[in-house]
Amino acid sequence: MSGYDPKEIEAKWQRLWAEEKTWEVANPGQPGFDGGKPKSYVLEMLPYPSGEPHVGHLKCYAVGDAIAHFHRRHGFEVIHPMGYDAFGLPAENNAIKTGEPPREATERSIASFRKQFREWGISIDWSRELGTHTPEYYRWTQWIFLRLFEKGLAYRDEAPVQWCPKDATVLANEQVVDGRCERCGTPVEQRRLEQWFFKITDYAERLLADFDLLESWPEHVVTMQRNWIGRSEGAEVTFRCAELDLDFPVFTTRPDTLFGASFFVLAPEHPELERLIAGTPAEREVREYVNQVARESVEDRGDEERPKTGVPLGRSVVNPVNGERIPMFVADYVLMEYGTGAIMAVPAHDARDYEFARAFDLPVKRVIEGVDPDVARDDEGLPYPGDGPMTGSGEFDGKHNREAYGEIVAWLAGDGRGEAAVNYRLRDWLVSRQRYWGAPIPVVYCDACGDAGAPAIVPVPDDQLPVELPEIEDYAPQGRSPLAAAEDWVATECPRCGAAARRETDTMDTFVDSSWYFIRYLDAHNEAAPWDRDTADHWLPVDQYIGGVEHAILHLMYARFFTKALADLDLLSVEEPFANLFTQGMITRDGAKMSKSKGNTVSPAEYVERYGADTARTYVCFMGPPERGGDWSDEGVEGVNRFLSRLWRLCEEVEPLPAGDLDQAAGGSARELLAKAHWAIDKVSRDFERGFQFNTAVAATMELVNEAYRVKDDLYTDPAGVAAVRFAAATAASLIFPFAPHLGAEVWERLRGGRVWEDRWPVADPELLSSDTVTLVVQVNGKLRDRIEAAADAPEAELLALARESEKVRRHLDGKQVVKEVVVPGKLVNLVVR
RNA sequence: GCCGGAGUGGCGGAAUGGCAUACGCAAUUGAUUCAAAAUCAAUCGCCCCUAGCGGGCAUGUGGGUUCGACUCCCACCUCCGGCACCA
C-alpha cells in the first residue's frame, strides 16, 4: 500500500480540470450552452489582492466551492467565476514606502492568488477572470459613472472631509483610526472640499422595502442595513428668525412636544451661522467656538458623556405653534449631517436638550405628563421621553400625545408652518478620492464652456473611454490627488468646445469597482458594452453570495444601490443582485484576530503543502458552523487529515477485492452498513439544505467511514459484503467531494469509475432509512429507565405491555400508581406514577 | 444607551419538545514494533454507594408551561458583534 499522498492526487485532478476546462460554462447563444438546465450563480466576494491569500480566503472559497459543487450535482448549470478587487490603498501605501508602482505589486499578488486558488482545487470558470484595475474593466466603471451623472445620480458638491494637517492630504474614512491619521498619528481635522457623490439617498426607501424581495439573507445583516439607513418618521417644522428674515426648518420625531420648545440650536457647520452673527457682539465668541469644534476629533465630539457646550447667538426664532420667541445657540451636539442641521430643543422631553438647558440655565417646560424613573434627573421627573397626556399645549391639552401627534402635524401643514416628513440617517455616498490607485473619474473641467469663473463639468464621451490612469513617479498625496502632478495628462481638450481644459484628478472609491463586478463576470470580454442585456438577464441574480460579515453594510448596500440604479437605466431586469446571502464567520488563532503584528497568522499555503488542499478545505468547513467564527487548531487539522487518510486506506483495501452483487448484501452487518450509508446521504443532504451546516455534514461522513471500519473485516469474507464496503466507501467519497474534491474524485473513480461531479447527488433509499425494529425509550416520570428493541410498527398497547414488563421499569413502578401513560409510537413510552 | 448573536464535558462543537454530550481534539489503556512514529482497538461529564443490568446531579442563573425542556415563555447575569449626542 502506498498511503495517502495528496500531492499526487491533487496534481492529477487539477491538471485534468485545467486541461478540460471542466468548470467553464457558456453563455446563451454561445456554442456549448446548455439551455436545458436551470442556472445557478454561485459567487464568493472577490478578493482584494494584497500579499498572499490568508485563511479567511480559504474558508470563503471552500464554503462557496462546496455550494457550487452541490448545485452542479443537482442538475444546475453553475456559473462560478473569480476576479480581483485590485485598486485600493494598500498597494498605493506600499508604493509610497518602496517606490514600487502599485500595478506591479498588485499583479504579483494576483499571480499568487490565482496560483493558490488552482492549488486549492476551487472549481472556477477561469474564462471569466477579471481585475478591476485593468483598463478593460475600469473603462466600464467609468461608463457607468457617466450614466449615473446623466441621471443626476452622480453630482459634485462641497462637503466636510477628513484632512491630515501633517501629511497635507485628504484621507479616506478607512484611513482615520480613532480620530487620527493612520500613517502619522496626527489628529485629523475636518475641511470643506468639493467632492463627488452618488445619490444613494434617493434609493433609501427602496433599499428598505426591497428586503422583501430577498430569498434568504441573515437576519442580522438586514437589521444592520436597516439601522444604517435609519428611517425616522416625524415632521419638518419651520422656525423663523424675523430680524433677518430667515427661515429655519427643523426635523423632529416629536412634533407633539412643540409647545415645550424653549430654545433653538444650530450645528457649528450650519451655513447660515455667519449671517446670524456677522457684526454682532457674539461674533467673536461664536467663531472661536466653531474653530475649536472643527479641531476636535470626530470621536471626542461623539462622546455622550462629555458635558454639553455651546454659545448663545444673541438671536431668536419664533416657535410657530405659540409665537414664543426662543433664543438661538450654536452647539456641537447638533450634527450638520443629520436632518437640517438645526433643532428645536425641548429640554423637558429630551435628555440632551435637558443637559444643555441645565448648563445654560434655560427654562424647562413640561408638555407631556409622566415620569420615567430610569431617565428622570430632577424632582419633577424630568426629562421624560415617554408618552402621556398633554399639558401646556393650548387646545391639545388633555389629549394623549400619540393621539394628538397627527392632529398637530395636520394643523401646522394647514397654514404652511410644517409638514409630515421622513428623515434618513443614510447620507449620500462620497466616491471621490484624492488618490492615485483607482479608476479616474471621467470628466474634464472647461473654463470656456463654463460661466462667471466657474468651469463647466464636461463628461468624457463614451468613445474616449477609458480615461487611462497615467504612469507617475510620486504617489505621495500633497493635498491634492497625485494625478495632478501628471501635467501632460491633466491638460486636455474640452470634448465639447475643443478649448484647453483640465481633467478631473480624483479617482473613484474602490467600492464603486466592486459594486458591479458580478455583472461583468457574465460577459467579461465584451468590448462593445459593459454586458449584454440578455446574457445578464439570464444569469442574474446571484443565487448564492458568500462573504465575510464585515461587508454587511457598505459593499452589500452599494451593490444593491447600483443594481437598482442600473435597472432604472434599463440596463438590467433585476432589482436585487443577491437573492441569497451567506456570511462566514472569522477564523481566529489562540482566541485572537490574526494579525502580522501579533504573529498569530495561519498561512494556508503552508498547510496545503503539509497536508494537502483537501485537508485544509475540509478542516475549515468542519471546525464549527461556517457562519460562526472558530479558533484554528493544528491538532484539528490533523484530525481531518486522519479521516481523509482512513477513507483513502479503505479505498485501497477494498479496490482489488472481488465484489459481488450489492442486492445480495441483505442481512446482518452488510445491511447495517448500507443503512448507515443511506443515513449519511440523507444527513449530508439535509445539512446542505438547512443553511450549509458543513461541520455536521463532514461529521456524518466520518461516521460512515467509522462504521465501515467496524464491520469491514467481517464483510470481506463474502463478495456481497465486499460490495457493501465498496458502496460505503464510494458513497463517502461522493459526499465528501464538495469539501475534498480531489480525494472524492479519485476514490470515486477507483471504486465506481467515471467522474463523481458528473454523477447526480445521491438520494437516500427510504427503504434503508427505516428499519424493522426501533429502540423504544421507556421513561418513568420523564426519566430514562430502559431501552427495549421493539417492532417498528408495533401498536401502542404492545409497546405499553413491553414497557411494563421490563425489570428495570418495574423497579420504579413498585408500590406506586400509574396515573398516566404517554406513548409516542416508534419512539417512547412515558409512565407517570404517583 | 439601542439593535443583533451566543452561553452545553478538559477543548472545538452535536441534538424536528422525546436516549444530553454525535463528530473531532486532548488524555488514558491495550495490540502491533527491538523501540518509536504511524496504524488498529478500547475507555473517557461530575458525584455517591452496598460497585450494579445501581442511584443521584448536570446544558449561564431564577421562575414558568408540559407526561417530558439544551430546545418554548418570563425575569436576570456574562461574553461577542454592530450602531451610537440621529433631534
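When reading the values below, keep in mind they use all heavy atoms of this one structure, side chains included, and skip hydrogens, waters and symmetry mates. In what follows, chains carry the letters A, B, and so on, assigned in the order in which the sequence lines appear, proteins first and then strands, with residues in each chain numbered from 1.
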By nearest atom, which of the nucleotides [options] is closest to the [X] side chain?
X      : options             : value
A:K308 : B:C25, B:G4, B:C85  : B:C85
A:K827 : B:C19, B:C3, B:G18  : B:G18
A:N695 : B:U16, B:A14, B:A87 : B:A14
A:M224 : B:A14, B:A41, B:G82 : B:G82
A:P625 : B:G13, B:G82, B:A22 : B:G13
A:I553 : B:G82, B:A87, B:C25 : B:G82
A:H812 : B:G55, B:C25, B:A14 : B:G55
A:Y709 : B:C57, B:A41, B:A22 : B:A41
A:L335 : B:A87, B:A15, B:C40 : B:A87
A:F622 : B:A22, B:G12, B:C19 : B:G12

Rounded interatomic separation in angstrom, taking [atom1] from [X] and [atom2] from [N]:
X      : N     : atom1 : atom2 : answer
A:Q779 : B:A69 : CD    : C1'   : 12 Å
A:R785 : B:G54 : CZ    : C1'   : 10 Å
A:D687 : B:A14 : CG    : P     : 10 Å
A:R231 : B:C3  : CZ    : C1'   : 18 Å
A:K59  : B:G12 : NZ    : P     : 15 Å

Using OP1 and OP2 only, check whether a side-chain N or O of [X] sits under 4.0 Å from [N].
X      : N     : result
A:R710 : B:A42 : no
A:R811 : B:C53 : no
A:N706 : B:G24 : yes
A:R628 : B:C80 : no
A:K783 : B:C57 : yes
A:R646 : B:A41 : yes
A:R226 : B:C83 : no
A:S232 : B:A87 : yes

One thing to verify: whether [Y] and [X] come together as a salt bridge, which I'm taking to mean a side-chain N less than 4.0 angstrom from a carboxylate O.
X      : Y      : result
A:D5   : A:K7   : no
A:R804 : A:E821 : yes
A:D332 : A:R306 : yes

Using the [atom1] atoms only, state how far [M] lies from [N], rounded to an integer number of Å.
N     : M     : atom1 : answer
B:C73 : B:A6  : P     : 12 Å
B:G30 : B:C79 : C1'   : 43 Å
B:G56 : B:U43 : P     : 24 Å
B:U33 : B:U39 : C1'   : 11 Å
B:G17 : B:G24 : C1'   : 28 Å
B:G68 : B:C19 : P     : 15 Å
B:U78 : B:C25 : P     : 36 Å
B:C23 : B:C40 : P     : 15 Å

- Query: Are A:K712 and A:Y709 in a cation-pi setup, meaning NZ or CZ lies under 6.0 angstrom from the ring centre and within 45 degrees of the ring axis?
  - Reply: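 Positive - A:K712 is close enough to the ring of A:Y709 and near enough to its axis.
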- Item | A:K308 to A:Y333 six-membered ring, cation-pi geometry met (6.0 Å, 45°) |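 Yes; both conditions hold, so A:K308 lies above the ring face of A:Y333.
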- Query: What nucleic acid atoms does A:T253 come within less than 4.0 Å of, heavy atoms only: base, sugar-phosphate, or nothing?
  - Reply: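 Touches sugar-phosphate only.
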- Item | B:G62 glycosidic torsion: syn (within 90° of 0) vs anti |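 For B:G62, whose glycosidic angle is more than 90° from 0, the conformation is anti.
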- Any idea if B:C53 is syn or anti, going by the 90°-from-0 cut?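 B:C53: syn.
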- Query: Looking at side-chain heavy atoms only, is the closest gap between A:L58 and A:Y607 below 4.5 Å?
  - Reply: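 They are not in contact (no side-chain heavy atoms under 4.5 Å apart), so the answer is no.
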- Task: Given ring pair (Phe, Tyr, Trp, His ring centres under 6.0 Å), test A:F356 with A:F329 step by step and report yes or no.
- Result: CA-CA 10 Å; A:F356 192 88; A:F329 289 80; 5.3 Å; yes
- Query: Cut-off 3.5 Å, side chains only: do A:R610 and A:N641 have a donor facing an acceptor?
  - Reply: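 Side-chain D/A pair, A:R610 to A:N641: absent.
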